[in-house]
Amino acid sequence: VALARRRPADPAARHAQRALGHVATPEAVSALLGLLEHPPVTEETADGLLRAGPRAVEPSCVPVPGPHAATPSATPQIR
């Protein structure tokens with residue numbers, strides 16, 4: 001995970017980002033989503049999230065603030 005977070009993203013960091021998508025554990029997905037908050041986002045980060053597939057969907061959603069935010073049926077918003 002630390003290797004994937006290296007900036008600027010060198011070839012080793014880019015390879016680690018793609019590998020995290022293969023692993024797709026909650027920790028790996030969280031690390032990939034965290035990289036989205038620190039541009040520039042590499043193609044390998046996006047590829048890692050695509051490789052994680054459905055396991056990346058729920059963690060990438062955040063509740064939408066508003067009057068219904070506390071209800072379980074609140075509509076999620078993609079990061």
**Asked** Do you reckon V23 sits in the same ILVMFWY cluster as V1, going by side-chain contacts under 4.5 Å, direct or chained?
**Response** no
**Message:** Can you give me the closest heavy-atom contact between A52 and A56, atom names plus distance?
**Reply:** CB-CB, 4.0 Å
**Prompt:** Nearest heavy-atom pair of T42 and A9: which atoms, and what distance?
**Reply:** CG2-CB, 3.6 Å
**Item:** Pair D10 + R14, salt bridge at N-O below 4.0 Å
**Value:** no
**Gap between atom NE2 of H15 and atom CD of E44 - 0.5 Å precision** = 10.5 Å
**Request:** Could you list the residues that satisfy side-chain hydrogen bond (donor to acceptor under 3.5 Å, both in side chains) with E27, not counting sequence neighbours?
**Result:** T25
**Message:** Please give me the minimum heavy-atom distance between L3 and A13, naming the atom from each residue.
**Reply:** O-CB, 3.2 Å
**Message:** Do L32 and L50 sit in one hydrophobic cluster, given that two such residues count as connected whenever their side-chain heavy atoms are within less than 4.5 Å of each other, even indirectly?
**Reply:** no
**Request:** Let me know which of T45, D47, V41 forms a side chain to side chain contact (heavy atoms under 4.5 Å, CB included) with Q17.
**Result:** T45
**Asked** Taking atom CZ of R18 and atom CG of L49, what is their separation to the nearest 0.5 Å?
**Response** 12.0 Å
**Request:** Kindly say whether G34 contributes a backbone atom to a donor-acceptor pair with the side chain of R5 at under 3.5 angstrom?
**Result:** no
